[in-house]
Asks: 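Would you mind keeping the following structure in view while I ask a few things?
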Amino acid sequence: MNILILAAGYATRLYPLTQNKAKPLLEVAGKPMMEWVIDNLAPIKGIEKVYVVTNSKFAADFQAWADHYNQTHAKLAFEIINDGSTSDADKLGAIGDINLVVSRAGLASSDLIVVAGDNLFNQSLENFGTFCQAKQQPVLGLYDVGDLTEAKKYGVVAVNANGEISSFEEKPAAPKSTLIGIALYYYPAKVVSEFVTYLAAGNNPDQPGRFVQWLYQRIPVQTWTVPGTWFDVGSKETLEEANRIFAQFTS
């Protein structure tokens with residue numbers, strides 16, 4: 001399988017921190033957010049290549065990061081894909097970027113894990129890979145925020161007895177659960193071609209969760225709950241909070 005890291009956004013809410021540095025390359029507890037992602041994905045068995053989709057502004061920075069990562073960690077095959085955008089005004093959107101990479105790199109016949117480059121995980125995702133390979137169904141990563149009020153800020157997911165999505169509501173006023181969908185996805189090869197179908201129908205090309213919301217109404221989508229701590233950095237305040245929380249996980 002291949003891994004695709006979404007890193008083409010401009011994170012304008014974090015300006016000026018992200019004016020000259022991509023959000024996934026900002027450090028949390030002493031290492032770039034990207035490394036919290038990659039370090040926990042690396043144990044997954046059967047990874048062929050890690051694709052990082054970014055923009056014209058930061059493509060060279062991600063290449064430098066990947067070269068340095070392979071000097072200091074177990075080697076992974078990285079390919080940086082520049083989506084050609086230069087600002088929020090001409091960006092392709094996350095789903096547009098996924099479709100671009102699938103097309104440009106010829107990934108339509110391979111299984112694909114997609115994850116946002118600013119997702120902070122503190123535990124290995126090896127079991128996610130094992131689960132996905134066993135199920136051979138699309139899989140959405142979930143995180144239990146443990147509080148219905150907190151859940152209102154996110155896309156809330158309810159699951160059926162088989163662990164499949166039964167509802168997926170964005171920022172609901174009355175959440176059906178405390179489980180939220182996060183930007184961690186698995187798509188078996190038979191589903192990867194559906195990105196073209198989704199976009200051809202004129203659907204929103206941005207937030208990656210929208211594709212899952214569209215997909216689960218057509219075919220069963222499995223879920224997998226992320227262990228340990230997951231964190232979403234959206235502002236300077238949450239970046240400071242992430243530094244405090246993740247400092248305890250550094251060796």
Side-chain angles (χ1 to χ4, degrees), residues 1-6 37 40-51 53 94-103 105-117 119 121 123-145 151 154-170 175-201 203-228 230:
M1 70 170 68
N2 294 290
I3 292 174
L4 172 56
I5 310 291
L6 301 173
V37 177
N40 288 306
L41 287 168
I44 293 175
K45 294 176 177 62
I47 297 172
E48 295 174 59
K49 186 177 274 191
V50 178
Y51 294 87
V53 63
I95 299 170
D97 278 326
I98 295 168
N99 189 55
L100 172 77
V101 174
V102 168
S103 172
L107 304 184
S109 59
S110 302
D111 295 355
L112 188 66
I113 288 175
V114 178
V115 60
N119 264 337
F121 304 98
Q123 289 191 20
S124 169
L125 297 171
E126 181 178 8
N127 289 339
F128 175 71
T130 303
F131 178 85
C132 293
Q133 287 166 327
K135 290 290 183 182
Q136 282 299 301
Q137 283 179 271
V139 181
L140 170 65
L142 302 183
Y143 186 70
D144 191 345
V145 293
Y154 300 97
V156 175
V157 177
V159 300
N160 64 22
N162 297 321
E164 297 162 349
I165 298 174
S166 59
S167 76
F168 189 164
E169 298 177 278
E170 194 64 37
K176 293 179 181 174
S177 79
T178 58
L179 294 172
I180 64 165
I182 66 170
L184 173 67
Y185 315 95
Y186 168 77
Y187 300 113
K190 62 189 178 187
V191 173
V192 173
S193 62
E194 292 299 313
F195 285 103
V196 173
T197 308
Y198 172 92
L199 291 168
N203 289 298
N204 191 312
D206 204 358
Q207 295 92 341
R210 291 180 186 271
F211 179 74
V212 176
Q213 287 176 304
W214 174 86
L215 188 66
Y216 91 88
Q217 297 173 69
R218 289 159 174 79
I219 61 172
V221 176
Q222 271 287 339
T223 60
W224 186 82
T225 302
V226 170
W230 168 87

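In this text, all values refer to a predicted model and were calculated from it rather than measured experimentally. Every heavy atom of this structure was used, including side-chain atoms; hydrogens, water molecules and symmetry mates were not.
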Asks: So do the side chains of Leu112 and Leu107 get within less than 4.5 Å of each other, counting heavy atoms only?
Replies: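 Sidechains of Leu107 and Leu112: in contact.
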Asks: Can you tell me how far the CH2 atom of Trp214 sits from the CD1 atom of Ile95, to the nearest 0.5 Å?
Replies: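 Result: 10.0 Å between the selected atoms.
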Asks: Please report the shortest heavy-atom distance between Glu126 and Pro43, naming the atom on each side.
Replies: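 Reported closest heavy-atom pair: CG-O, 3.6 Å.
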Asks: As an exercise, state the distance from OG of Ser110 to CE of Met1, rounded to the nearest 0.5 Å.
Replies: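 The distance works out to 10.5 Å.
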Asks: Say you draw a straight line from CG of Asn99 to CZ of Phe195; how long is it, rounded to the nearest 0.5 Å?
Replies: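 Those atoms lie 8.0 Å apart.
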Asks: Give me the atom names and distance for the closest heavy-atom approach of Gln213 to Glu170.
Replies: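 That closest heavy-atom pairing would be NE2-N, 3.9 Å.
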Asks: So do the side chains of Asp97 and Val101 get within less than 4.5 Å of each other, counting heavy atoms only?
Replies: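 No, their side chains stay 4.5 Å or more apart.
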Asks: Is there a donor-acceptor contact under 3.5 Å from the side chain of Asn160 to the main chain of Ser166?
Replies: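 Here the side-chain-to-backbone pair does not exist.
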Asks: Are the side chains of Pro220 and Asn162 in contact, using a 4.5 Å heavy-atom criterion?
Replies: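 Not in contact.
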Asks: Return all side-chain donor-acceptor pairs below 3.5 angstrom for residues 178-192, not counting sequence neighbours, or 'none' if the list is empty.
Replies:
from   : atom 1 : to     : atom 2 : distance (Å)
Thr178 : OG1    : Asp144 : OD1    : 2.5
Tyr185 : OH     : Gly209 : N      : 3.3
Tyr186 : OH     : Asp111 : OD2    : 2.8
Tyr186 : OH     : Gln136 : NE2    : 2.8
Lys190 : NZ     : Gln136 : O      : 3.1

Asks: Hey, are the side chains of Val221 and Val139 touching, using non-hydrogen atoms and a 4.5 Å cut-off?
Replies: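 The answer is no, as the side chains (C-beta and beyond) never meet within the 4.5 Å cut-off.
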Asks: Quick one: closest heavy-atom pair of Ile47 and Leu41, and the distance?
Replies: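 Reported closest heavy-atom pair: CD1-O, 3.4 Å.
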Asks: Could you tell me which residues satisfy side-chain hydrogen bond (donor to acceptor under 3.5 Å, both in side chains) with Lys135, sequence neighbours excluded, listed by chain and number?
Replies: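 Residues passing side-chain hydrogen bond (donor to acceptor under 3.5 Å, both in side chains) with Lys135: none at all.
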Asks: Is there side-chain contact between Lys176 and Val157, with at least one heavy-atom pair below 4.5 Å?
Replies: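 No, side chains not in contact.
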Asks: Please report the interatomic distance CZ(Phe211) to CD(Glu194), rounded to the nearest 0.5 Å.
Replies: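 So the CZ of Phe211 and the CD of Glu194 are separated by 6.0 Å.
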Asks: Work out which heavy atom in Gln222 is nearest to a heavy atom in Gly163; give both atom names and the distance.
Replies: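 Looks like OE1-O, 3.4 Å.
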Asks: Are Leu140 and Ile165 close enough, and set up right, to give a side-chain contact (heavy atoms from CB on, under 4.5 Å), and what steps lead you there?
Replies: CA-CA 9 Å; Leu140 170 65; Ile165 298 174; 3.8 Å; yes
Asks: A side-chain contact here means heavy atoms from C-beta on lying under 4.5 Å apart; do Phe168 and Val212 qualify?
Replies: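 Phe168 reaches Val212 side chain to side chain.
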Asks: Evaluate the side-chain proximity of Asn2 to Ile113: yes if any heavy-atom separation is below 4.5 Å, no if none is.
Replies: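 Not touching, per the 4.5 Å side-chain cut-off.
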Asks: Hey, does Ile5 have a side-chain heavy atom less than 4.5 Å from the side chain of Val53?
Replies: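 No, every pair of side-chain atoms sits at 4.5 Å or beyond.
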Asks: How far does OH of Tyr51 sit from CD1 of Ile98, to the nearest 0.5 angstrom?
Replies: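 Between atom OH of Tyr51 and atom CD1 of Ile98 there are 14.5 Å.
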Asks: Tell me whether Asn203 contacts the main-chain N or O of Tyr198 through its side chain, where contact means a donor paired with an acceptor under 3.5 Å.
Replies: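 Yes; judged by distance alone, with no hydrogens or angles, the pair exists.
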Asks: Does a donor on one side chain and an acceptor on the other come within less than 3.5 Å for Arg210 and Gln207?
Replies: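 There is such a pair between these side chains.
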Asks: Pro138 and Ile219: which non-hydrogen atoms are nearest, and at how many Å?
Replies: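 That closest heavy-atom pairing would be CG-CD1, 3.9 Å.
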Asks: Would you name the heavy atoms of Tyr143 and Val226 that are closest together and state the gap between them?
Replies: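 Between these two residues, the closest heavy atoms are CD1-O, 4.0 Å.
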